[in-house]
2 protein chains.
Amino acid sequence: MAQDLFANTDLPPEFKAIIGVFALYNQIECELDNVNISPPLTKMEKRVLVFLDKPKRMGVLAEDTLCVPSAVTPVADALEVRGIVSRTRDPSDRRAWLLELTPEGVAARNHIMTEVVSRFRKFSGMSADEIPTFANLAIKAMPGAVEAGLMED
Amino acid sequence: MAQDLFANTDLPPEFKAIIGVFALYNQIECELDNVNISPPLTKMEKRVLVFLDKPKRMGVLAEDTLCVPSAVTPVADALEVRGIVSRTRDPSDRRAWLLELTPEGVAARNHIMTEVVSRFRKFSGMSADEIPTFANLAIKAMPGAVEAGLMED
DNA sequence: ATGGATGTTTCACTCAGTGAAGTAATTGGG
DNA sequence: CCCAATTACTTCACTGAGTGAAACATCCAT
């Protein structure tokens, strides 16, 4: 398949890149599926956890995770009930909610991140030198809509 | 956001890579959303088209597109009704179906591929030199489950 | 010949995600 | 100061993408 596809030297590198991204994305998703805490978190919950490296508004998490705000609401609800996040009004704007990890949340996030990061090293097939190269190229593509999250400060 | 995240020098490059893949994947999906023929194809239909560079079994397309075989059946049905693919029994195994592009399908695929490939050059932020580098690193991660598709011959 | 495996199909189901409408709070211009 | 427009989130109905289980037809090795 893949290498069958890639044996065709007419294929543009862009196509190879696209297929590679598809495959990598799927692998990351699979690994995230395999890493969990008990009771299990949904895909969405884990994804929000990954991006919650510091207290953030729900709207920002929606941008980070590339979905609409209404998708974050039930995730925040669930994580709050689970005691993984605390949810407080943003003092600088009372329309907005800040989500922040509880100590339990910190532990959960650490577990997930540690696992996924170490598994990335394994499944990516990249050497220790190649990963930063790849990473730097990948984030060049960060779309403006996500970078707009920078405007929150 | 992203750069806010990445300003944290403690973050492993693997994390940057993962976030980059998420963002790239989302961009590719958005671009695929924006590229279509009339009447529009679904995401699944377009994805199958992308991988249908030559006649293939439906099971192989399921592997290529990283989903289960039952997901390919309605896609094949729709594409066949649309006259985009022809569906014939694989002569070497009468359990299996081969999907092959019709002339109309070839045109549709060319349109989509040309558009997405050229858009990749724009949204990726990578130079012409960087794309092959990135591509070669990305496909290093091709998981064994997909490579197993090589066994079809 | 036969049991186990394979390729696809059907169908019921789940979940991730959207869009539209609503409420509350904020902002900026007159 | 006032108010219209905007923003942040919530609710809820809905859809599409995807799964798993069971079934059927075909293949393959013993």
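Here is how names work: the chains are called A, B, and so on, in the same order as the sequence lines, proteins then strands, and each is numbered from 1.
- In this structure, the CD atom of E45(B) is 12 Å from the P atom of dG18(D), given to the nearest Å.
- Between K43(B) and D33(B), none of the side-chain N atoms (NZ, or NE/NH1/NH2) sits under 4.0 Å from a carboxylate O, so this pair counts as no salt bridge.
- Hydrophobic clustering of Ile, Leu, Val, Met, Phe, Trp and Tyr side chains at less than 4.5 Å, counting indirect connections, unites V106(B) with F15(A).
- Identified under the ring-ring contact (aromatic ring centres under 6.0 Å, His included) test for residues 117-139 of chain B, with sequence neighbours left out: F134(A)-F134(B), F120(B)-F123(B).
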For residues 71-84 of chain A, dump all side-chain donor-acceptor pairs below 3.5 Å to protein atoms at least two apart in sequence or in another chain.
unit_1	atom_1	unit_2	atom_2	d
D77(A)	OD1	R87(A)	NH1	3.1
D77(A)	OD1	R87(A)	NH2	2.8
R82(A)	NH1	P39(A)	O	3.2
R82(A)	NH2	P39(A)	O	2.8

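- Inter-axis angle, ends of the helix from dA1(C)-dT30(D) to dG30(C)-dC1(D), five pairs per end, rounded to 10 degrees: 30°.
- One interatomic measurement links the two molecules: CG of N36(B) to C1' of dG16(D), which rounds to 15 Å at whole-angstrom precision.
- When rounded to the nearest whole Å, the span between CG of D90(B) and P of dT26(D) equals 14 Å.
- Ion pair E29(B)/R47(B) flagged as a salt bridge, since at least one NZ, NE, NH1 or NH2 atom sits closer than 4.0 Å to an Asp/Glu carboxylate oxygen.
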Reading 5' to 3' through nucleotides 8-19 of chain C, protein heavy-atom contacts under 4.0 Å coded B for base, S for sugar-phosphate only, - for none
SBB-----SSBB

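- Checked against side-chain contact (heavy atoms from CB on, under 4.5 Å), S127(A) has the following partners two or more places apart in sequence or in another chain: D129(A), E130(A).
- The interatomic distance linking E29(B) (CD) with dG18(D) (C1') rounds to 13 Å, in whole Å.
- Shown here are the ring-ring contact (aromatic ring centres under 6.0 Å, His included) partners of Y25(A), two or more places apart in sequence or in another chain: F22(B), Y25(B).
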Please test V116(A) against V50(A) for side chain to side chain contact (heavy atoms under 4.5 Å, CB included), starting from the C-alpha separation and ending with a verdict.
CA-CA 10 Å; V116(A) 173; V50(A) 165; over 6 Å; no

